[in-house]
Peer 1: 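Quick one: structure below, then a few questions.
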Amino acid sequence: MQLYLLGCNGWIPGKNETSCFLIEHKNKLIMLDLGTGVSNLSKYKSILDEYDELTVILSHYHLDHTIGIIYLLPYLKDKKLVIYGPGKPYYSMSTEEYLSALLRTEFFSRPLLKIAKEVKCHDYTTEGFKIGNVKIDIKKQIHSSPSFQICIDKKLIYATDTAFQADLFSDVTADSVLLHECWDVADFGNAKHSSLPLLINGLKNKGLLKVILIHLNPEWTTTDEKIINNQISGTNFCLGYDGMSFDI
């Protein structure tokens, strides 16, 4: 499995674009979330050219995870786009309905079903699903609106826009890589997002291969970043940044 980080910020772009991650695995090209990081896809065009189909899995519908759908247009004119997202019973509408509303003609000139040569949308549940031979596990998280942890073949776990929940990592394996949001440098009791101290304490005995901190706070100062780097020095944690890649 090859992982490429296209958007590591939350909320707004800064040093990084917002949430977007590209994965090559078992002859499938998968993208996690559609933040402004999709704008970095031009740097990976040679990879994209190898595939006839792109599968997107959305963790939820906040704009820093979906607005980049309009940036896909130049790359998918001759390709199939398959999108999975949470629908009922977690939301009142389907994935297709939410994205179609986002791409109303008042907001963008191209409707959802014209973003690619062919577009298919599916709603997922916590029962999970498969993309070819790739198994996708889904777990519901705590956030201001429902967000979902996405696990790919037990190798890559994506957990963003969530308060830290140690119980969601009870079945991780020693060769798993975790992409986990890190919004607060200190523990302020944030009920919607995760802090670095909670992540370090909650994950230290999980045996994960690597923890990549993503959905980073764009308001962090240089001092904040120094504090973080000091706290994760010598651990299996690292700060994510756009342009990083990992062979898992």
Side-chain angles (χ1 to χ4, degrees), residues 1 3 5-11 18-23 25 28 30-35 37-38 54-69 81-99 101-102 120-131 134-173 176-183 190-194 198-199 202-203 206 208 211-216 240:
M1 180 187 295
L3 167 67
L5 282 61
L6 277 64
C8 290
N9 263 20
W11 182 21
T18 65
S19 302
C20 186
F21 305 89
L22 191 65
I23 297 112
H25 183 49
K28 295 292 182 182
I30 300 169
M31 183 173 281
L32 301 176
D33 279 338
L34 292 169
V38 179
L54 173 66
T55 300
V56 172
I57 310 174
L58 298 174
S59 62
H60 63 308
Y61 299 106
H62 283 173
L63 287 176
D64 56 335
H65 297 259
T66 56
I67 195 64
I69 190 171
L81 173 64
V82 181
I83 304 175
Y84 289 87
K88 295 179 180 179
Y90 317 109
Y91 284 87
S92 61
M93 297 194 301
S94 67
T95 301
E96 184 170 340
E97 287 173 316
Y98 278 111
L99 296 180
L102 182 62
K120 297 289 183 184
C121 292
H122 304 282
D123 294 339
Y124 62 63
T125 68
T126 52
E127 293 180 358
F129 57 96
K130 295 192 78 172
I131 303 169
V134 181
K135 189 175 187 300
I136 309 297
D137 292 305
I138 301 292
K139 295 181 180 180
K140 191 172 183 291
Q141 303 175 139
I142 298 172
H143 194 50
S144 54
S145 62
S147 69
F148 294 83
Q149 181 195 107
I150 300 161
C151 180
I152 301 176
D153 268 348
K154 303 293 185 183
K155 289 182 173 292
L156 178 66
I157 305 164
Y158 178 55
T160 185
D161 287 59
T162 178
F164 177 67
Q165 297 172 261
D167 59 306
L168 294 188
F169 303 99
S170 59
D171 57 349
V172 298
T173 60
S176 298
V177 170
L178 171 62
L179 291 165
H180 202 293
E181 76 141 73
C182 183
W183 192 250
N190 194 329
K192 300 174 184 176
H193 289 285
S194 300
L198 283 178
L199 289 173
L203 295 171
K206 297 298 182 183
L208 289 156
V211 179
I212 306 168
L213 302 177
I214 48 97
H215 199 271
L216 307 177

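Small disclaimer: the values here were computed from a predicted structure and weren't measured.
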Peer 1: When rounded to the nearest 0.5 angstrom, what distance separates CG in Leu102 from CD1 in Ile67?
Peer 2: 5.0 Å

Peer 1: Are any of the side-chain heavy atoms of Asp33 and Tyr158 separated by less than 4.5 Å?
Peer 2: yes

Peer 1: Going by side chain to side chain donor-acceptor pair (under 3.5 Å), name the residues that satisfy it together with Thr18, two or more places apart in sequence or in a different chain.
Peer 2: Thr36

Peer 1: Go through the steps to decide whether Met1 and Leu156 satisfy the test side chain to side chain contact (heavy atoms under 4.5 Å, CB included), and finish with yes or no.
Peer 2: CA-CA 9 Å; Met1 180 187 295; Leu156 178 66; 3.7 Å; yes

Peer 1: Going by the side chain to side chain contact (heavy atoms under 4.5 Å, CB included) test, name the single residue among Leu58, Ile23, Leu6 that passes it with Leu32.
Peer 2: Ile23

Peer 1: Would you mind reporting whether Ile136 and Ile152 have side-chain heavy atoms less than 4.5 Å apart?
Peer 2: yes

Peer 1: Taking ring pair (Phe, Tyr, Trp, His ring centres under 6.0 Å) as the definition, give me every residue that meets it alongside Tyr90, ordered by chain and number, with sequence neighbours left out.
Peer 2: Phe148

Peer 1: List the atom of Asp123, the atom of Lys88, and the distance in Å for their closest heavy-atom pair.
Peer 2: OD2-N, 4.4 Å

Peer 1: Which residues satisfy the side-chain contact (heavy atoms from CB on, under 4.5 Å) test with Cys8, sequence neighbours excluded?
Peer 2: Leu5, Asn16, Phe21, Ile214, Asp242

Peer 1: Only counting residues at least two apart or in another chain, list the ones meeting side chain to side chain donor-acceptor pair (under 3.5 Å) with Tyr124.
Peer 2: none

Peer 1: Considering all heavy atoms of both residues, which atom of Ala191 and which atom of Ile142 are nearest to each other, and what is their separation?
Peer 2: O-CG2, 3.6 Å

Peer 1: Main chain of Ser147, side chain of Ser59: is a donor-acceptor contact present, judged purely on distance under 3.5 Å?
Peer 2: no

Peer 1: Start with the C-alpha distance between Leu3 and Leu179, add both sets of side-chain angles, then the distance that settles side chain to side chain contact (heavy atoms under 4.5 Å, CB included), and finish with yes or no.
Peer 2: CA-CA 10 Å; Leu3 167 67; Leu179 291 165; 4.2 Å; yes

Peer 1: What's the separation between atom CG in Leu81 and atom CD1 in Ile69, rounded to the nearest 0.5 Å?
Peer 2: 6.5 Å

Peer 1: Apply side-chain contact (heavy atoms from CB on, under 4.5 Å) to Asp153 and list each qualifying residue two or more places apart in sequence or on a separate chain.
Peer 2: His25, Lys26, Val134, Lys135

Peer 1: What residues, two or more places apart in sequence or in another chain, satisfy salt bridge (Lys or Arg N to Asp or Glu O under 4.0 Å) together with Lys139?
Peer 2: Asp171

Peer 1: Using only atom types and a distance under 3.5 Å, with no angle test, would you say the side chain of His65 pairs donor to acceptor with the backbone of Leu34?
Peer 2: no

Peer 1: Is there a side-chain contact between His62 and Ser19 in this structure, where contact means two heavy atoms from C-beta onward sitting under 4.5 Å apart?
Peer 2: no

Peer 1: With side chain to side chain contact (heavy atoms under 4.5 Å, CB included) as the criterion, how do Val211 and Leu199 come out once you've worked through the C-alpha distance, each side chain's angles and the decisive distance to 0.1 Å?
Peer 2: CA-CA 9 Å; Val211 179; Leu199 289 173; 5.9 Å; no

Peer 1: List the steps, then state whether side chain to side chain contact (heavy atoms under 4.5 Å, CB included) holds for Ile138 with Tyr84.
Peer 2: CA-CA 11 Å; Ile138 301 292; Tyr84 289 87; over 6 Å; no

Peer 1: If I compare all heavy atoms of Gln141 with all of Gln165, which pair ends up nearest, and what's the gap?
Peer 2: CA-OE1, 3.2 Å

Peer 1: At their closest point, which heavy atom of Gln149 faces which heavy atom of Ala159, and how far apart are they?
Peer 2: CG-CB, 4.2 Å

Peer 1: Do the non-hydrogen side-chain atoms of Ile212 and Leu178 ever get within less than 4.5 Å of each other?
Peer 2: no

Peer 1: Are the side chains of Met31 and Leu54 in touch, meaning some heavy atoms are under 4.5 Å apart?
Peer 2: yes

Peer 1: Would you find a donor on one side and an acceptor on the other, under 3.5 Å apart, between the side chain of Ser176 and the backbone of Leu208?
Peer 2: no

Peer 1: Tell me the closest heavy-atom pair linking Gly240 and Leu216, and the distance in Å.
Peer 2: O-CD1, 3.4 Å

Peer 1: Could you tell me which residues satisfy side chain to side chain donor-acceptor pair (under 3.5 Å) with Ser170, sequence neighbours excluded, listed by chain and number?
Peer 2: none

Peer 1: Please give me the minimum heavy-atom distance between Gly35 and Cys20, naming the atom from each residue.
Peer 2: N-CB, 4.3 Å

Peer 1: Could you check whether any side-chain heavy atom of Asp161 comes within less than 4.5 Å of a side-chain heavy atom of His215, counting everything from C-beta outward?
Peer 2: yes

Peer 1: About how many Å separate CD1 of Ile150 and CD1 of Ile57, when rounded to the nearest 0.5 Å?
Peer 2: 5.5 Å

Peer 1: Mind checking what makes side chain to side chain donor-acceptor pair (under 3.5 Å) contact with Thr125, not counting sequence neighbours?
Peer 2: none

Peer 1: Is any side-chain heavy atom of His122 less than 4.5 Å from a side-chain heavy atom of Thr95?
Peer 2: no

Peer 1: Which residues pass the side-chain contact (heavy atoms from CB on, under 4.5 Å) test with Glu97, sequence neighbours left out?
Peer 2: Met93, Ser94

Peer 1: Is there a side-chain contact between Thr162 and His180, using heavy atoms and a 4.5 Å cut-off?
Peer 2: yes

Peer 1: Assess, by modelled atom type and distance only, whether the side chains of Ser145 and His60 contain a donor and an acceptor separated by less than 3.5 Å.
Peer 2: no

